[in-house]
Amino acid sequence: MAYKLTYQEYSEALKQQKLLGLKCRSCGAVTVPPKMVCRRCASPELEVVALKGSGRIQTFTTCNVAPEGREDEVPYIVVLVELEEGPWLMGRLVGMAPEKATMEALIGKSVKMTKTGVFPGDKYSAGEGASPTFMLAK
Amino acid sequence: MRKVAIVGVGETKFSGPQMRTSVELFAEAAAEALAGSNLKPKDIQALFLGNALGDFAEGQGSVQAFAAENIGCFNIPANRYEGACASASMAIRDAWMWVASGFYDIVLAGGVERAATMGTPLATRTFAMFSDSRYEFATGLTFPAVFAMLAHLYAAKYNIPLPRLKEQLAAVSVQSYKYGMFNAKAHLRKEVDMAAVLSSFMVSTPLQLHDCCPFSDGAAALVVASEEVAWKLTSKPVFIVGVGQASNGPMASQQEFLPRLRARELSAERAYDMAGLKPNDIDICELHDCFSIASLISAEGLGFFDYGTSGEAWLKGEADIGGKIAINLSGGLKAKGHPIGATGAGQVYEIVKQFREEVEPERQVEGARTGLTDTLGGDGCTLVNIILQRGW
Ligand SMILES: [Zn+2]
């Protein structure tokens with residue numbers, strides 16, 4: 001069975017600000033980030049599709065304590081976004097002052113993908129890591 | 001399958017950074033468990049040991065083999081379990097399985113961790129390894145951030161104004177500190193009131209320092225034996241009457257099921273079904289309060305309170321002695337501490353000690369017969385529940 005979308009392929013596209021997902025030929029669900037099978041029905045009959053990279057914030061937090069080696073990044077905002085195509089995706093929210101990140105300002109609000117942030121990696125991470133990066137729409 | 005009992009238990013004090021090695025910490029807990037079981041090291045047929053981060057804390061992998069030999073259990077099969085904070089509970093569940101199956105009669109299970117020794121920056125980095133390292137860590141995700149996001153989601157989903165949720169969460173921490181203060185084995189032994197919780201350092205919005213459990217060092221151990229052997233060793237065996245375990249992938253994959261944690265609900269259902277019991281049959285519960293919000297999500301997932309209502313239950317004392325269900329009388333992970341690879345064994349230790357009425361009077365429940373442990377690994381990637389019943 002061919003592996004449709006690997007971590008590396010997904011990440012390389014993400015670095016170009018392109019969000020790739022997998023659409024299930026059996027049930028129609030979209031899976032992102034990639035898995036071997038459909039997140040809903042476990043079918044391996046998947047095709048790679050480009051996603052819009054827009055959705056609504058479901059929840060968020062402003063982190064003030066960083067993992068070792070990432071101290072320079074705080075404070076930063078992590079979000080869970082429900083994409084237009086259905087899946088929830090974790091990412092970073094930029095373009096907002098952390099002290100303005102309240103439930104009223106963020107939950108349910110529309111976001112779109114912007115220039116992808118790349119964690120350069122540390123001695124444990126097996127290289128760099130691109131992460132979906134969002135900003136509030138308009 | 002045979003009936004399986006816990007015969008003897010042991011536990012170190014949970015604490016900040018220790019000068020003792022993991023092998024030494026486990027030895028203290030194991031010696032207490034063996035002595036309480038009237039057993040010698042040669043009687044132990046296998047060691048199942050939870051240890052999540054020994055590789056990082058002291059550069060020690062395969063600690064189980066060294067721990068076995070160190071206590072005189074020479075050359076026995078020794079397995080290490082890594083399920084993040086649920087590691088020891090996985091070990092206990094497997095010990096139950098091997099004894100229930102008839103393959104072994106007497107197994108030593110437990111866990112050890114030196115999470116405090118790592119210090120906050122390295123501990124924060126290594127704990128984040130229990131989230132998805134490829135797709136979620138790059139965002140800067142930390143463990144507090146996972147539960148902080150669940151807290152905002154909980155407030156939004158159940159329509160609870162955030163200031164009210166914050167009071168509910170503070171009540172959870174205050175109750176845990178109240179009992180930890182009396183627990184001689186607890187890491188944090190101090191009275192903390194609601195004002196102190198709400199004015200503590202903001203770790204990851206909306207969770208503050210007193211919403212978060214500490215990084216702890218410590219170990220716990222228990223002897224698991226067949227019913228026949230158990231009655232020969234003790235007049236107070238505690239039977240394992242139900243176990244459940246389940247797994248889940250990255251946090252975001254749970255989608256709209258959040259802030260509930262699917263693996264917990266599946267695991268708990270399996271444990272209840274095996275035991276033939278329901279949530280209202282449980283007298284005492286040690287649940288996984290790595291963060292205050294985790295207590296609310298757990299108490300609801302375990303069926304003690306309706307979704308979105310457990311914060312009010314805590315405020316009303318419904319999760320306290322004399323309430324609907326007595327939760328975390330040990331002080332929980334919040335005050336007793338969280339040496340992650342040992343935590344599940346520490347929860348079982350507490351329930352056994354409660355049944356035997358051997359805990360400090362300020363936190364002793366009278367007449368408890370049935371107890372439940374709930375141990376969560378990672379951001380819900382591993383869940384284990386164990387239901388215990390006093391045998392006498
Ligand atoms: Zn499908």
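Chain A is the first sequence line, chain B the second, and so forth, proteins listed ahead of strands; every chain is numbered from 1.
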Chain B contact via [X] - which portion, at a heavy-atom distance below 4.5 Å:
X	value
A:Pro34	both
A:Ala130	backbone
A:Val79	backbone

For the pair B:Phe56 and A:Tyr124, name the ring-plane relationship: parallel under 30°, tilted 30 to 60°, perpendicular over 60°. perpendicular
From [X] [atom1] over to [Y] [atom2], what is the distance, rounded to the nearest 0.5 angstrom?
X	Y	atom1	atom2	answer
B:Ser204	A:Phe60	OG	CZ	10.0 Å
B:Arg134	A:Tyr7	CZ	OH	4.5 Å
A:Arg39	B:Gln254	CZ	CD	12.5 Å
B:Lys157	A:Thr59	NZ	OG1	11.5 Å
B:Ser253	A:Met90	OG	CE	9.5 Å
A:Leu80	B:Leu141	CG	CG	8.5 Å

Among [options], single out the residue with the greatest number of heavy-atom pairs under 4.5 Å to chain B.
options	answer
A:Arg70, A:Glu73, A:Arg92	A:Arg70
A:Ser125, A:Gly108, A:Gly69	A:Ser125
A:Ile107, A:Asp122, A:Val118, A:Val32	A:Asp122

Donor-acceptor under 3.5 Å ([X] side chain, [Y] main chain):
X	Y	answer
A:Thr61	B:Thr205	yes
A:Asn64	B:Met202	yes
A:Glu68	B:Arg125	no
B:Thr139	A:Ser131	no

Below 4.5 Å from any heavy atom of chain A, which atoms of [X] appear? Answer side chain, backbone, both or neither.
X	answer
B:Phe143	neither
B:Ser133	neither
B:Ala151	neither

Report yes if some heavy atom in the side chain of B:Pro250 is under 4.5 Å from a heavy atom in the side chain of A:Lys35; otherwise report no. yes
Given B:Leu122, B:Thr142, B:Thr120, the one with more heavy-atom pairs under 4.5 angstrom with chain A than any other is B:Leu122
Sort out for me which of B:Ala138, B:Ala252, B:Ala148 touches chain A most, counting heavy-atom pairs under 4.5 Å. B:Ala138
Atom [atom1] of residue position [X] - does it have more than 12 heavy atoms of other residues, nucleotides or ligands inside 6.0 Å?
X	atom1	answer
A:Arg56	CZ	no
A:Lys18	NZ	no
A:Glu99	CD	yes

Which atoms form the tightest heavy-atom contact between [X] and [Y], and what is the distance?
X	Y	answer
A:Pro67	B:Phe137	CG-CE1, 3.7 Å
A:Trp88	B:Leu258	CZ3-CD1, 4.2 Å
A:Glu71	B:Pro121	OE2-CB, 4.1 Å
A:Val78	B:Gly140	CG2-C, 4.4 Å

